[in-house]
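What you see is a predicted model; the values in this text were computed from it and never measured.
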Amino acid sequence: MSDYEVVCFDLDGTLVQGTVFIWNSLHDHFKTDAARRVLARQAFFEGRISYREWFEHDLELLDERGVTRQTMQAMFAEKIVPTNGAQTTLERLKEAGKKIAVLSGSLDLVLTTFFDESLFDVVFLNRIFFDETGRIAGGRHTPFDLDRKAHGIEEISRRLQIPLDRCAFVGDNDNDLSAAGIAGLPIAFRPKSDELRRLARVVIDEEDLTLILPHLGVRLADDLGEASGE
Ligand SMILES: [Mg+2]
């Protein structure tokens, strides 16, 4: 029996492949104003604007380029795929009675394009709203990105009433360090960050998310009996 009762997943690079950070992919693909994008990024990391202001600025830049729900989803269909084994992993965890959560600075539209959001017990993501024509009509930023991902895990633990040391976290990059640092079981999935690789108790280098299951006390299948010639 595994002690881990909830598994929190990062999204970009963890549940989906084809993007390291969806925001960068969106700006590159839709060729938003590069100079203003750099300035806003600097302003955020130098503490001159809030995460919310940075998020809203991103939406503004995308809207200026005429980006809609339809063109965003077309881009996702072209560039992004669910990680091998992701759907199976989520289903097996649920069947085994685990709770699952998403804790990411990515976008809700990425999650809902590839997965059924109702499968997740908690979803902490940036949300983008569209009007009836598909045009960007606003959004709601996540309070739990970057250094604040640690607070996100705490909030998931509190909401589900599962102690932190029974929360596993799966991530792939530097922006996951704060969450990995506090989770009971930090798992690095194809890590792009050496620091995350060092911090993690489990490192998966193959692109197969089902490889996390044994570390969570969950088997890939209940009955592995060989097919009997059928
Ligand atoms: Mg990631």
Side-chain angles (χ1 to χ4, degrees), residues 4 6-29 37-38 40-42 44-47 51 54-55 58 72 75-76 79-86 89-90 100-111 113-115 120 122-128 141-156 164 167-213 215-216:
Y4 305 106
V6 56
V7 187
C8 308
F9 292 92
D10 166 57
L11 184 53
D12 302 344
T14 300
L15 286 177
V16 299
Q17 303 298 314
T19 180
V20 179
F21 296 111
I22 198 63
W23 293 102
N24 290 345
S25 301
L26 285 167
H27 286 299
D28 291 343
H29 182 82
R37 174 185 163 193
V38 169
R41 188 176 198 284
Q42 269 172 6
F44 171 73
F45 282 103
E46 289 167 8
Y51 185 84
W54 188 28
F55 166 74
D58 274 341
M72 254 191 216
M75 179 210 133
F76 295 167
K79 306 213 162 176
I80 299 175
V81 288
T83 300
N84 289 330
T89 301
L90 299 174
I100 54 177
V102 173
L103 175 57
S104 166
S106 181
L107 261 184
D108 58 346
L109 192 63
V110 177
L111 184 73
T113 299
F114 298 103
F115 301 97
F120 295 91
V122 181
V123 174
F124 288 145
L125 269 177
N126 288 304
R127 295 199 180 267
I128 185 164
H141 71 288
T142 177
F144 303 122
D145 197 4
L146 300 159
D147 288 348
R148 295 190 57 81
K149 272 198 172 187
H151 299 285
I153 293 249
E154 285 171 341
E155 182 60 18
I156 290 165
L164 267 177
C167 298
F169 174 77
V170 191
D172 73 313
N173 218 332
D174 285 330
N175 58 325
D176 296 313
L177 288 169
S178 75
I182 199 173
L185 178 66
I187 299 177
F189 183 74
R190 293 166 66 83
K192 290 130 195 124
S193 154
D194 291 336
E195 210 176 326
L196 183 67
R197 178 180 288 276
R198 274 194 298 275
L199 186 66
R201 295 240 309 282
V202 172
V203 178
I204 308 286
D205 282 308
E206 297 83 352
E207 197 206 312
D208 179 358
L209 202 60
T210 65
L211 295 174
I212 70 169
L213 291 173
H215 301 282
L216 300 160

Excluding sequence neighbours, so at least two apart, what forms side-chain contact (heavy atoms from CB on, under 4.5 Å) with [X]?
X    : value
L177 : D174, S193, E195, L196, L199
Q42  : V38, L39, E46, R48
P82  : F114, F115
T210 : T88, T89, D208, L213, L220

side-chain contact (heavy atoms from CB on, under 4.5 Å) evaluation trace for V170 with V7: CA-CA 7 Å; V170 191; V7 187; 3.9 Å; yes
Verdict with supporting geometry, T83 and T14, side-chain contact (heavy atoms from CB on, under 4.5 Å): CA-CA 7 Å; T83 300; T14 300; 5.9 Å; no
Residues D172, R190: salt bridge by 4.0 Å N-O rule: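 No, D172 and R190 are not salt-bridged.
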Between atom [atom1] of [X] and atom [atom2] of [Y], what is the distance when rounded to the nearest 0.5 Å?
X    : Y    : atom1 : atom2 : result
W23  : R37  : CH2   : CZ    : 11.5 Å
F169 : D176 : CZ    : CG    : 4.0 Å
N24  : H29  : CG    : NE2   : 14.5 Å
N173 : K192 : CG    : NZ    : 6.0 Å

Candidate list L103, L11, L107, test side chain to side chain contact (heavy atoms under 4.5 Å, CB included), partner L125, passing option: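 Going through the options one by one, the only one that passes is L11.
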Considering all heavy atoms, the nearest S25-M75 contact: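 Where S25 meets M75 most closely, the heavy atoms are CB-CE, 3.8 Å.
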Nearest heavy atoms of S104 and T142, plus distance in Å: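 Reported closest heavy-atom pair: O-CG2, 3.9 Å.
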Side chain proximity check, [X] to [Y], heavy atoms < 4.5 angstrom:
X    : Y    : value
K79  : T19  : no
D58  : N126 : no
L90  : L15  : yes
L111 : S106 : no
V16  : F76  : no
M72  : I128 : yes

In chain order, what residues pass the salt bridge (charged side-chain N to carboxylate O under 4.0 Å, His left out) check against [X], with sequence neighbours excluded?
X    : answer
D145 : none
R197 : D205
R41  : none

For [X], which residues count as a ring-ring contact (aromatic ring centres under 6.0 Å, His included) partner, sequence neighbours excluded?
X    : value
F189 : none
F44  : Y51, W54
Y4   : none

Evaluation steps, side-chain contact (heavy atoms from CB on, under 4.5 Å), between L216 and L185: CA-CA 9 Å; L216 300 160; L185 178 66; 3.9 Å; yes
Test item: R127 side-chain N/O and D108 main-chain N/O as donor-acceptor pair under 3.5 Å: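 A pair under 3.5 Å: no.
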Donor-acceptor contact present, side-chain R201 to main-chain G184, <3.5 Å: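 Here the side-chain-to-backbone pair exists.
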Residue pairs, two or more places apart or on separate chains, that pass salt bridge (Lys or Arg N to Asp or Glu O under 4.0 Å) and touch residues 179-188: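 Applying salt bridge (Lys or Arg N to Asp or Glu O under 4.0 Å) to every pair that reaches into residues 179-188, excluding sequence neighbours, yields nothing.
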Salt bridge (Lys or Arg N to Asp or Glu O under 4.0 Å) contacts touching residues 9-21 (sequence neighbours left out):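 Those involving residues 9-21 are D10-K149.
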